[in-house]
Amino acid sequence: MIRTALLVAGKDLRIERRSRVLLWQVLPFGVMALVLSGLALGPHHAGNSSAGPGLFYLVMLLVTLLMINRSQVIEGSSGTRTSIATLGLDPAGVFLGKALALAIELWLTGIVVLAGAVLLLHTGLLGSAEALPSVLVILAALAAAGTLYGALSGGGQGPATLLPVLSFPAFAPLLIAGERSYSDALHGGALWPWWVISLVALVAYLAIGILLYGVLEDS
Amino acid sequence: MIKQLSQRLLGPVTLVLLALTFWLGLWVTPPDRVQGNLVRLLYVHPAIAWVALYVSFGTSVIASCLYLWKRTRSVVMDRVAYCAMEVSAVFLALTLITGSIWGRPTWGVWWAWDARLTSTAILLVFALGYLALRRANDDPEVRARRSAVFAIIAAINVPIDHFSVDWWHTLHQGATVFTENGNFLVHGSMLWTLFVSLFAFTLLFFWLLRARYRLEVQRDARYAASLDEALAQRRREGVH
């Protein structure tokens, strides 16, 4: 399973590196969404760090949606599914591999958007650095949930409008936990309850994905 | 014989018990010392929430699990899961509406960003997402599998919703019928009305589920008949 996961993650990341979609499309989108969030708040409130954590996670949710679609399009291209079926790869490994690749892409984008939040929304540098581990866990949970919902919504062939409808309710608790942990990191609150929720969500989505991804692939 | 009788009696018994709930709730029970007549809404709201969160959502999740398990996989399980989720969506919406009507005079707002309210709203969006997923897939096999997986994922939110009042400091009250030791906090006609209401709304769920299930069977039969008709038409065109 681990070997399959590494193979699939390597394949997805190589495709991303060659196509440079992450660099030229997803990262600029994330930064633009952050700037637009600041504009929507207005010049007097954009520098208010209390809104910063929520806006950071909202932007990351939008980025996650883009990247799930992208990840499923890779899988949906002609011949890919047939090749995977012919190779007899373990579906749990395929799920873990796709989630891992998505998590790495989200981590890279998250670090850039986090720096943007410090610069544009004036969230504290030290607090943001303290929040970084929890950001990485939440983004990993988003990647695991996103991979599952990408397959549920029909992959590359499914209607594009279905993915947000299905995934947003599942992302909402992660958004809440992420926003609270980032806010607590900025204002010196207790981080551990949000750490527990984030880790439980990550483990739960990984477990469900490992168990049920094969059912979705079959269909 | 008994099965037929119980099916025939389900509707009338449900209606009688609902009428009894309204009579007890509106005329027999006294006003609350603190809430006054507003307490009468609480003979309906917890029962609706009970059906929405546990009975119908639970039925849908159990039927989904049984569908995914190869030994019990059948179109019956898929239909039950779908129909129960549809009823759950209606009851979840009613839970939020009745809660809002109670919340406005009590809390001063129609909606509060409270853990119980928010997690119930998220559950409603899950139920609506499930129905959207059903409509997005034409292939019955694919539709059944995907919606079964989705229902199981959505079930994670049910314990979060249930324990939200214990895990977080919420505006929504915690357990108000039983104490932690299992003793009753509500007494007399108020307690009886609450139990009659719970039983009446549970029966209402089964009545609605049965009606919706029959409708689904008819729809499948009509779809199969139209498919047969279309195939026959094509054959006739081929012959001539």
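No experiment lies behind these values; they were computed from the predicted model shown. Letters A, B, ... are given to chains in the order of the sequence lines, protein chains preceding strands, and every chain is numbered from 1.
Residue B/L124: no heavy atom, backbone or side chain, is found under 4.5 Å from chain A. For A/L166, the parts lying near chain B are the backbone and the side chain together; criterion is any non-hydrogen pair under 4.5 Å. Of the atoms belonging to A/F168, not a single heavy atom falls under 4.5 Å from chain B. With a threshold of 4.5 angstrom between heavy atoms, A/L211 does not approach chain B through any atom at all. For B/L133, the parts sitting under 4.5 Å from any heavy atom of chain A are the backbone and the side chain alike.
For the pair A/L152 and B/I153, the minimum side-chain heavy-atom distance is below 4.5 Å.
Against chain A, no residue from residues 74-105 of chain B qualifies, as none has a non-hydrogen atom under 4.5 angstrom away.
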May I have the step-by-step check of side-chain contact (heavy atoms from CB on, under 4.5 Å) for A/V165 and B/L128, ending in yes or no? CA-CA 8 Å; A/V165 175; B/L128 295 176; 5.9 Å; no
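To the nearest 0.5 Å, atoms CG (A/L216) and CZ (B/R146) are separated by 6.5 Å.
Crowding of B/R210 atom CZ: a count of heavy atoms from other residues, nucleotides or ligands under 6.0 Å exceeding 12. Atom CH2 of B/W50 has 12 or fewer heavy atoms from other residues, nucleotides or ligands within 6.0 Å. Remark: A/F29 CZ is packed, more than 12 non-hydrogen atoms of other residues, nucleotides or ligands lying under 6.0 Å away. Open room surrounds CH2 on B/W69; 12 or fewer heavy atoms of other groups in view lie less than 6.0 Å from it.
What you find for A/A172 and B/I122 is that their closest heavy atoms are CB-CD1, 3.6 Å.
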